[in-house]
Amino acid sequence: AISKYTPTWPRSFTPSNQEMRSLVAKMKLIPNRAMLQGKRLLFCDDSIVRGTQLRDNVKILYDYGAKEVHACPFVGFSASKNALELITRRIIKELEGDENKNLEKYATTGSPEYEKMVDIIAERFGLSSLKFNTLETLIEAIGLPKCKVCTHCFDGSSHF
């Protein structure tokens, strides 16, 4: 339903300025209206960082006739040293007044804080639903104890 076209940049976050990142992101996914019309879609992505591309892609999918758009990003990380580049941390700051407050609660799958944060992100991007790969599942897949894995981007923990 979507063709990927990446003639110049393998990753759309590679260009250093936002204008070029936006252009590359817009060019790289080519939707097929006939395949999208009236469909319920599951959009899988590797991450949600700022959310700019996700918001634009969801709009395009609806513009091309999608009935519902659900998203399942695998993680929510960034190479940036600024936590506020993460959509999750920006939502926490809006709710708590501090992007580092109650991180453990927001990182705990199923907690009221976690559910509220995910619902707000889904609403902001026009998604029918949003499901993150959980921190617990990520740790299990890595196969190491959590205390041996840096999970700072998720829960503020830096205990290894």
Side-chain angles (χ1 to χ4, degrees), residues 1-2 4 11-14 18 21-22 25 28-29 31 35-160:
I2 300 172
K4 186 173 180 181
R11 302 293 305 220
S12 53
F13 62 77
T14 305
Q18 183 58 47
R21 281 195 300 268
S22 296
K28 81 175 187 179
L29 298 180
M35 293 181 80
L36 295 170
Q37 191 71 40
K39 299 292 193 289
R40 297 174 63 218
L41 305 171
L42 175 59
F43 189 87
C44 294
D45 203 346
D46 57 350
S47 67
I48 298 176
V49 179
R50 295 170 196 86
T52 309
Q53 289 180 33
L54 178 62
R55 182 186 59 239
D56 294 345
N57 290 335
V58 169
K59 182 183 180 321
I60 288 168
L61 294 172
Y62 280 123
D63 289 348
Y64 274 69
K67 181 178 171 183
E68 296 177 12
V69 180
H70 305 267
C72 179
F74 297 110
V75 294
F77 68 91
S78 170
S80 172
K81 303 225 183 310
N82 181 354
L84 286 177
E85 289 219 356
L86 300 168
I87 185 65
T88 51
R89 293 292 185 95
R90 289 197 321 260
I91 298 299
I92 293 168
K93 183 172 183 173
E94 288 175 23
L95 295 172
E96 301 286 347
D98 178 350
E99 69 272 14
N100 296 307
K101 188 173 181 185
N102 294 324
L103 286 182
E104 181 83 19
K105 291 178 182 178
Y106 286 97
T108 302
T109 306
S111 72
E113 293 83 359
Y114 175 89
E115 296 297 333
K116 184 172 186 172
M117 176 185 65
V118 172
D119 287 347
I120 290 170
I121 295 169
E123 183 181 317
R124 290 252 167 101
F125 299 121
L127 294 165
S128 303
S129 71
L130 172 64
K131 301 289 183 207
F132 281 97
N133 185 14
T134 67
L135 179 56
E136 297 83 3
T137 303
L138 178 65
I139 295 299
E140 183 181 333
I142 292 170
L144 293 172
K146 185 175 183 284
C147 64
K148 299 284 185 182
V149 178
C150 178
T151 59
H152 183 78
C153 291
F154 292 93
D155 61 7
S157 176
S158 57
H159 53 254
F160 78 100

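These numbers were taken from a predicted model, which means no experiment stands behind them.
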Residue pair N57 / V69, side-chain heavy-atom distance below 4.5 Å: no

Locate the shortest heavy-atom distance separating I92 from D98; write the atom from each residue and the value. CG2-O, 3.6 Å

Mind checking what makes salt bridge (Lys or Arg N to Asp or Glu O under 4.0 Å) contact with K59, not counting sequence neighbours? D63

Looking at CG of L127 and NE2 of H70, how far apart are the two atoms once the value is rounded to the nearest 0.5 Å? 9.0 Å

Any side-chain heavy atom of R89 within less than 4.5 Å of one from L103? yes

Heavy-atom nearest pair, G126 first then V58, reads O-CG1, 3.7 Å

In residues 112-121, what donor-acceptor pairs under 3.5 Å come from side-chain atoms, sequence neighbours left out?
none

Where the side chain of Y64 meets the backbone of A1, is there a donor-acceptor pair that is under 3.5 Å apart? no

Step through the shown structure and confirm whether more than 12 heavy atoms of other residues, nucleotides or ligands are within 6.0 Å of CD on E140. no

Carboxylate-amine/guanidinium contact K105 E96, below 4.0 Å: no

Under a 4.5 Å cut-off applied to non-hydrogen side-chain atoms, are I87 and F125 in contact? yes

Straight-line distance of K131 NZ to T109 OG1, nearest 0.5 Å: 10.5 Å

Can you tell me how far apart CD (E68) and OG (S129) are? Round to the nearest 0.5 Å. 8.0 Å

Can you tell if the side chain of E94 reaches within under 4.5 Å of the side chain of I91, non-hydrogen atoms only? yes

For the atom pair CD (E136) and OG1 (T108), what is the distance rounded to the nearest 0.5 Å? 6.5 Å

If you take all heavy atoms of P31 and I60, which pair is closest and at what distance? CG-CG2, 3.6 Å

